[in-house]
Each structure stands twice: as structure tokens, then as C-alpha cells.
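Here the structure comes first, spelled out in C-alpha cells, and everything after it is commentary.
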Amino acid sequence: MTLVSYDPAARLWLLSTAGSSYAIRLDEDDVLRQVHWGRPLTLEQALTAAAVPAAAPGSSFDGITGEEYPAEGGARFGLPSLQLRHADGSRGVHWQYLGHGIETGAAAPEASPAVGEEGTRPCELTIRFRDRHYPLELDLHYRLRPSSEVLERRAVLRHTESESEPWGEPVRLLRMDAACWTLPPLPDYRLSHVTGGWSSEGRLRRTSIPVAETVLTSRRGITSHQANPWLMLDDGSATEDSGEVWSTALAWSGSWRITVQRAPEGVVSCTGGSGHEGLVVRLLPGDSWETPVFAGQYAQDGFGGASRAWHRHIADHVLPRAAELRPVLYNSWEATGFRVSEQNQLQLAAKAAELGVELFVMDDGWFGARRDDTAGLGDWTPSAEAFPDGLGPLVAEVRRLGMRFGLWVEPEMVNPDSDLYREHPDWVLRQPHRERSTLRNQLVLDLARPEVAAWAHARLDALVSEYAVNYLKWDMNRPFTDAGRPGHPDPDRLWFDHVHAVHALMARLRSDHPGLRIEACAGGGGRVDLGVLAHADSAWTSDNTDALDRIGIQHGYSQLYPARTMSAWVTDSPNPLTGRSLPLAFRFHVAMAGALGIGGDLRSWTEAELRQAADLVARYKRIRPVVQQGAQYRHRNAVQHVLGEESVLIAWQLPVPHGVPIPPLRLAALDPAARYRDQETGRLHEGALLLARGLDVRLDLGLTGDFSSTVVHLRREGG
Ligand code: DGJ
């Protein structure tokens, strides 16, 4: 398949995936405009679309719209993707087209008109501009892969002058988004996104888009629980299974902003990138500034289709080790809190091993003077009180029990009451003459300072090496506040540099310790995004482990992120957060829709509960490849995964008033000509009937009471 085609006469590029086309062209003023984003087009068809003349401005009050990467300058009145101020006080840019390059795979980058690519290698189009007066260059990058529907866009800005030259002055970068995506004209527009808070992440919202600017953002230095940097747009008629959906997602783990603009003239676009409003960065002569990726994709098969395309992309092109099955883990947090000790961890490890757990993770409380959240953070040596002989005996026992060993860390943080802070009080983010707000009694370390990053690396590297740690749960329990660097000429850079430093630290540890796996966490799901998932294997979805609440949280999570990354624990009943009591099977089944873990206090589970839990863990291991690696279909009160000849349905029953009919559950993505055998009961089902009529919730699935639940594992006969 030709991923990128170019027509030199029209100066038009056509970017193609199997299911979509994206066309852009330069107009006579070197302004890059989008021609098409949607169903697949041939180059000829894209040229025809480009030949339609743009509507002339109706009055002197109208401005330039529909640009691919709008900047300030001239009659532009929409929100710019790029805003800057030159040293002489002039604002904005006036681009001149310099040329383009199409690079295939890792091969040489030289421009080759009308070339695309064959085979499976990625292809990257770069379109280059320079300012007509000031020493600035801009590269717009577009990356495609034959096996993905996702188009990855980013931008690079360069200050091309050297210090000795007349313009050798810094440029102030006021805003630089990664990309702006424009939608085709539709009768109406609807926005889908998630909102929430700590322990209530991922609430899916669908709202009509007002004729206004709608801002989705985090100003917290982390991705945030309150919003997640992706959105889906449709004309209001798309469903889970049908309709056109345009979606975008930002690969960034710090503050971010995506603005959806619905102009009074009707044009809808969304521009997005790292950082929140008001941050200013100095671009020095010779410097360049690179945005993260703001990716987009078009789907014709509804929200479910859009989600599956993101899941595939993340698995194939974002995650470091997507093909590896995620282990069943045990985590100590809800059982022992900060009060970990060698003895209580050994007790939990013994119980966990009996259940079939494969990875034992000791959470917060194992280091320094950390007996609660007031002290010790930053002192990454085992607490002598909790572990008189170090972690060695516990680690040895965990391994003897046949499990891998994981450890909780929070490397970006420090308690003022810690040896680290006493030694380096200047290592924290702070502003001159301002109070530093402690949240959860902790401050944020300025990880972008080389000496702080070197310290964090040395401590983590030593820990991982000494105990052959297999897994780090990497937490981050407060947003940035009062963030500054006294004396630094460019203090706002820390908002960006911190994120790069975290990603770099994760990457370095992984490359030095190939067996190491990382779970991304920020007080639950506060740091889940395509940026961190390039360095992590899973993400802690939420501190809310109530299985009923989790159904909604997981639904929101699944809109973009694949099940294999969704860390999900079974904990105690009543749930410590919500006080709700739920059956053990229900708690398991909900967690089995992701990467299963157990987080309850196993010492208080009855023998019968432990036996049932062991059975359910064994069951999970049988369905795990399908859940973790299959395509996911969301149904009402159920989720279905399909991989090759197998399909797994996890279904639950929520309270319904008496007399309200419960429709059968129709399955998806099966072969109507095939038969499927239930791997537990041996019952044979016709694929056609599973698709057309579905399974009766009471009779076939046996869901007869509130919070009853089931797992059905089907395998194609003769497959
Ligand atoms: C927040 C995490 O989300 C929890 O799972 C736990 O690790 C605590 N931090 C520990 O402080």
C-alpha cells in the first residue's frame, strides 16, 4: 500500500491507511491546508477535492480558516497552534515552503516526490517551512504505518541563527501545539471525552459541541484524573458499532491542552499539545523545540471501531512489550497500607502464591522512616524497623514461592521530613518569595536538573540491581504547584523537561534491566497516556477498586487504552473506599476484563473464599491471552474479547426493577458459518445465532440476581 503520495503540480500530499485518507495541500501563498480527512480516496479524487475553490471572504471581518497548523500573523482570528514573540517585539510567523521529505522506515531521509512505501515499514512525511524574515524553521511531521489506522503528527521549531548573528536573540515561545486537526463539514458535531477525579477517573461524556472554544486540559504537571488527553468527534449519530468517528490522542504525561473550536462559520478543528496556557519558553539561537505526538484516526465503525484501532496501534507501535502476557499480580497496598513489615509481607506472599499469583508487589511503606505519609519519601533504602535484614529474606521467599518480585516507588517526590530533603532542600520545585504548598505532605523534585535525575537513576538502578526487581510500580501522588526554579533564566521549561526526564529515566532503567517491567501510576489513573505507555507495561487504573464503580471507570479507560494495560485488582468486601459489599465472583469477573491483580487482605479471606479465588485465577489464566491480546467489543453489561478462533464474554447483572425486560446479549465478530463450543460447559452454539439472537441473560448466562456475573469462553469448532 502506498502510504504517502505527492502530486507536485497541485502540491498535494495524500496519506493513506487501509481505512482512511488524509489529504493536505499548499496554496499559492504557501499556506498548508487540509483537503480531506475521512473515507479512503485515490490521488485523483483528492486532487478533484482540492480543485474546489475555497470560499472567498465575505467581508473584511472574515479571517483565514481551515489551516493545517495555524499560527499568529495576518488575518487569523482563530486559536493559533503556534504563538511566539521575536526579540524585537514582533509576533507570529510568515512561512515560506522549503520542501518536503518522505522517509521510509529507518532509511535515508531524502525527499522523493510521488513516492510512498510498500511492505510493512513506517513512512514519515516531513514538510518544511522557514519564516520569510526571522531565523525560524518549522517541520511538520506525519508518520503512518501500513498496519495502523493512526496518523502520528508532531512539529519541530528551530531557531536557526547563531549567537553572533544580528538575530541571535531568544524567541519567546508562547504556545506550540503538536498538530491541529480539522473535521469535514458535518450537520452537527458531538464531543466524547472523559472527566473525573481521584478514584473516579474515566467518566465518559458525550456532549454537543457549542459554537465556541471548548478546552480540555491539565494544569497539574501530570496527565490528570480530571481529564485525559484524547477525544472523539462525530456528527451526533455514531453508536458503539456504527458511524463515522474522528479521534485524536496526545502522547504526553504532563500538563496539556486540547482546544476544540467550532467557528461561527461552521468549521470544527482541534489543536493540542503539551503545556497549559501561560507557560513561556525561550528558544535560544541554535535551539529547537519538539512537540510530542498528537495522533489522529478516522473510523467508520463507531466508537467501538475507533477504540479497537487505538488498541491495535498502542499494542503494535507504542507499548514496549505488548506481546508478553501480563502476570497475575498481588499488591499489598489495601492489605497493609504503610505498615508493611517482613512478617506481614511474608504472610501475604504465602497466601498469594497459593492462589496462583505470579508477581508479588510490595507497595508503599517499605523504605526510610515511611510509616505513614508524613516522612521518609525520598529515602530509598529499606526501613530497618520493618526489614531488619533488608529486603533480601522477603525477596528470596517470594522467589522460592515461584513469584516474581515488584516494588513501589515514587521517585519524583520527597517528604520535607526525610534525609534527602535535609541534604538537598534546594532540589524541589519552588518559586522565590512564595510558599511551597505541600500536598500529602510532599514536594515535587526538580527531576529536570541533571543532578536530581542522576540521583534518581542511581537509587533506582541500585535497588533494581540489588534485589533483581522485576517490576516497579511508579507512583506520583500530587500535582505540581508553585513550580519554579529560583535563578533559572527559563523557569517554565521545567513543566516540559520534567516529563522528558521521567520518560528518559524509565527508558534507561528498562534498557539497562531488560527484565524490568513498569506500572505507571499517579494516585490511580492520574498518568495514563500514549507518552507513558511507550515506557510502561500497564497502568494502575484507579485507586477505586469497588467493582461496580470499576465498570464505569474501565469503560472510560477502554475508549482509548487496551485491556492488557489496564491493571485491575480484586480487593476486600466491603470495599474500603465505598463500603459496598459485592460477591467475590463479581469482583473477580470485573477485574478479569483487564490485567488481573489481587489487592485484598488475604489473611482475612475464608478458606472457601481462597479456594474460589484460586479457581478464578486459574480460569483467568485460561482466558488471559484472549482478554489481553484480543479485539475488544463493548456490550451493555458485558465486554467481549475475540482472538483468532476464541472469544471470551464477561457479563454481569446490575439491579433492574422487576418487570423490566432484559434483552438477550448479542455477540460480535464471530463467524456466522461456524459453531462455537463453550469451554467450560461443553455446550455448542451456532455462530449465526450468537450474532443474530444472542444469549439469553437468565437462561443461557445464568444471570439471575443483582451482581451475578459470568465468563463464557468460546472456541470455534474444528478451529
Ligand atoms: C497511590 C496509589 O494509587 C496506590 O495504589 C498506592 O500505591 C498509594 N499511592 C501508596 O501511597
Side-chain angles (χ1 to χ4, degrees), residues 196-202 220-226 228 253 329-341 344-345 348 359-380 383 386 405-415 417-418 438-445 460 469 471-479 517-529 532 536-547 549-550 553-554 557 565-572 575-578 591 594-601:
W198 173 78
S199 273
S200 60
E201 299 89 335
R220 295 165 192 260
I222 47 171
T223 323
S224 96
H225 304 79
Q226 285 71 15
N228 198 267
S253 313
L329 66 76
Y330 178 81
N331 179 292
S332 67
W333 176 241
E334 289 199 18
T336 44
F338 295 104
R339 293 273 150 189
V340 298
S341 68
N344 64 29
Q345 298 305 293
L348 291 168
L359 166 69
F360 183 84
V361 184
M362 179 161 61
D363 209 281
D364 201 347
W366 59 267
F367 50 89
R370 185 81 161 170
R371 299 280 82 193
D372 54 32
D373 65 14
T374 61
L377 200 54
D379 299 338
W380 299 110
S383 150
F405 181 71
L407 214 45
W408 178 94
V409 289
E410 193 176 2
E412 301 152 72
M413 295 290 158
V414 65
N415 282 132
D417 183 1
S418 66
T438 45
L439 296 170
R440 210 193 194 209
N441 303 304
Q442 60 196 58
L443 297 167
V444 185
L445 290 170
L460 293 172
V469 172
Y471 189 92
L472 289 178
K473 178 180 172 191
W474 187 303
D475 206 347
M476 203 290 193
N477 277 298
R478 58 155 291 172
R517 303 291 173 262
I518 295 177
E519 178 179 11
C521 172
R527 188 153 62 188
V528 186
D529 53 79
V532 82
D537 304 278
S538 60
W540 179 223
T541 317
S542 176
D543 275 349
N544 185 341
T545 57
D546 176 306
D549 285 1
R550 267 297 175 116
I553 292 170
Q554 294 182 179
Y557 186 96
T565 65
M566 188 178 74
S567 196
W569 309 342
V570 177
T571 57
D572 295 340
N575 183 273
L577 180 77
T578 64
L596 177 69
I598 296 170
D601 188 351

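All of these numbers come straight from a predicted model, not from anything done at the bench. Numbering of ligands and ligand atoms starts at 1, following listing order. All residue numbers in this chain count up from 1 along the given sequence.
- Looking only at heavy atoms of the protein, atom 11 (O) of ligand 1 is closest to D364 OD2, 2.6 Å.
- Residue contacts with ligand 1 for N331 are absent, since no atom lies close enough (heavy atoms, distance under 4.0 Å).
- Interface atoms of ligand 1 facing C521, defined by a heavy-atom separation under 4.0 Å, are 2 (C), 3 (O).
- The shell of residues lying under 4.0 angstrom from ligand 1, judged by heavy atoms, includes R440.
- Residues D363 and V340 have side chains not in contact (no heavy-atom distance under 4.5 Å, counting atoms from C-beta outward).
- Among all protein heavy atoms, the one lying closest to atom 6 (C) of ligand 1 is D363 OD1, 3.3 Å.
- Remark: the N344 side chain and the T336 side chain contain no N/O donor-acceptor pair separated by less than 3.5 Å.
- For the residue pair T374 / N415, no side-chain donor-acceptor distance below 3.5 Å is found, with atom types taken as modelled.
- Of all protein heavy atoms, the one closest to atom 5 (O) of ligand 1 is K473 NZ, 2.6 Å.
- Shortest contact from atom 3 (O) of ligand 1 to any protein heavy atom: D543 OD1, 2.4 Å.
- Taking the six-membered ring for Trp and the full ring otherwise, F338 and W366 have centroids separated by 6.0 Å or more.
- In summary, the atoms of ligand 1 found under 4.0 Å from a heavy atom of G524, numbered by their order in the structure, are 3 (O).
- Ring orientation note: the planes of W380 and F367 are tilted relative to one another, at an angle of 30° to 60°.
- For E410 (side chain) and N477 (main-chain N/O), a donor-acceptor pair under 3.5 Å exists by modelled atom type.
- For ligand 1 and W540, the ligand atoms under 4.0 Å from any heavy atom of the residue are 3 (O), 5 (O).
- In summary, the atoms of ligand 1 found under 4.0 Å from a heavy atom of G523, numbered by their order in the structure, are 1 (C), 3 (O).
- The only member of D549, D546, N544 that meets side chain to side chain donor-acceptor pair (under 3.5 Å) when paired with T578 is D546.
- Counting heavy atoms under 4.0 Å from ligand 1, residue A522 does not touch it at all.
- Side-chain contact check for T223 versus V532: every heavy-atom pair is 4.5 Å or farther apart.
- Protein heavy atom closest to atom 1 (C) of ligand 1, with residue, atom name and distance, is D475 OD2, 3.0 Å.
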